[in-house]
Amino acid sequence: KEPTLGNPQNTIEILQKYEFNFQKKFGQNFLIDTHVLDKIISSAEITKDDFVLEIGPGIGTMTQYLACAAREVAAVEIDKALIPILEDTLSGYENVTIINDDILKVDIAGLAQEKNGGRPIKVVANLPYYITTPIIMGLFENHVPLDSITVMVQKEVADRMQVGPGSKDYGALSLAVQYYAQPYIVANVPPNCFMPRPKVGSAVIRLTRHEKPPVQVEDERFMFSLIRASFNQRRKTLANGLKNAGTLGLSKEKIIQAIEELGKGANVRGEALTLEDFAALSNIILKKED
Ligand code: SAM
């Protein structure tokens, strides 16, 4: 079945038919540009073997495109006012399941098990921007079997995910994303491709899950606590940032020794460290604990 949605006229028709009111709190900006939709689908490289999870289908625009390309689609939408609309726009698409729930409460690993026998799934979405980071981190940290995540996010967040040391956008999110996946910005998308128009620019980013993490870490959780502590106090040196992070419970001497062992100067800042550096630093500190 060919998609019927993806342009302004059809979107307006549906919204009026159901007297739908946009809910700001749910980050609702619906796509109204077929070129952007085609670009998302092609960069996600969906095949008829794939099970796709869509987060926030809205009125079902991208869901129609996904249903055509994939074997099966599950679409999780929090706004119950959209459910009757989705039942309408997706009638005739036999391979789509609509789930009315908050994505942050859904057992996605369980869904992947049930729908895809635990094999890696593809996540494709025009994300609600107010929860981009918890959604992405949840997918990585909750051991969801993942092939790739192809999502529309705020442009600035896409930049943060893919930069390295030396950029003002570099931070904990960059390191977390790059530990789990290879990021690639597929396209920049201007506000006029959405209804209503968002106040910020958007970008489609594809995160391809690493088969093996790019660095060897003894204790992932400890490395991420170090990373968070280093960037919480951006203007401080790494040594001071880590010393002040009470939850880490590290003495100043131990921190200074570890930084020296890493081969960095005493005044180095966290934002100058690569993922490899953070992995090595966390392994050095843990070895000292033994
Ligand atoms: N996919 C549609 C499109 O591209 O036209 C809509 C995208 S819109 C940016 C985000 C969608 O996510 C909205 O439909 C919104 O209601 C939904 N949403 C917001 N918070 C959610 C949550 N916690 N769980 C599931 N869906 C959510």
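Each ligand, and each atom within it, is numbered from 1 in the order the structure gives. Scope of the values below: all heavy atoms of this structure, side chains included, with no hydrogens, waters or symmetry mates.
- Of all protein heavy atoms, the one closest to atom 5 (O) of ligand 1 is Leu31 N, 2.9 Å.
- Heavy-atom distances between Leu104 and ligand 1 stay at or above 4.0 Å for every pair.
- Proximity of Ile55 to ligand 1 is not established, as no heavy-atom distance is less than 4.0 Å.
- Of the candidates Phe22, Phe26, Tyr130, it is Tyr130 that places a heavy atom closest to atom 20 (N) of ligand 1.
- For the residue pair Arg228 / Ser230, no side-chain donor-acceptor distance below 3.5 Å is found, with atom types taken as modelled.
- Taking a 4.0 Å cut-off on heavy atoms, Glu54 registers as neighbouring ligand 1.
- Side-chain contact between Leu15 and Phe30 is present, with heavy atoms from C-beta onward closer than 4.5 Å.
- Proximity of Glu77 to ligand 1 is established by a heavy-atom distance of less than 4.0 Å.
- The closest protein non-hydrogen atom to atom 18 (N) of ligand 1 is Ile78 CG2, 3.6 Å.
- Considering Gly56, Pro198, Gly58 only, the shortest heavy-atom separation from atom 1 (N) of ligand 1 involves Gly56.
- Distances shorter than 4.0 angstrom do not occur between any heavy atom of Val106 and any atom of ligand 1.
- Residue-ligand proximity: Leu127 is placed with a non-hydrogen atom under 4.0 Å from ligand 1.
- Between Phe224 and Tyr179, the angle of the ring planes goes over 60°, which puts this pair in the perpendicular group of the 30/60° scheme.
- To the nearest 0.5 Å, atoms CD1 (Ile285) and CG (Leu242) are separated by 6.0 Å.
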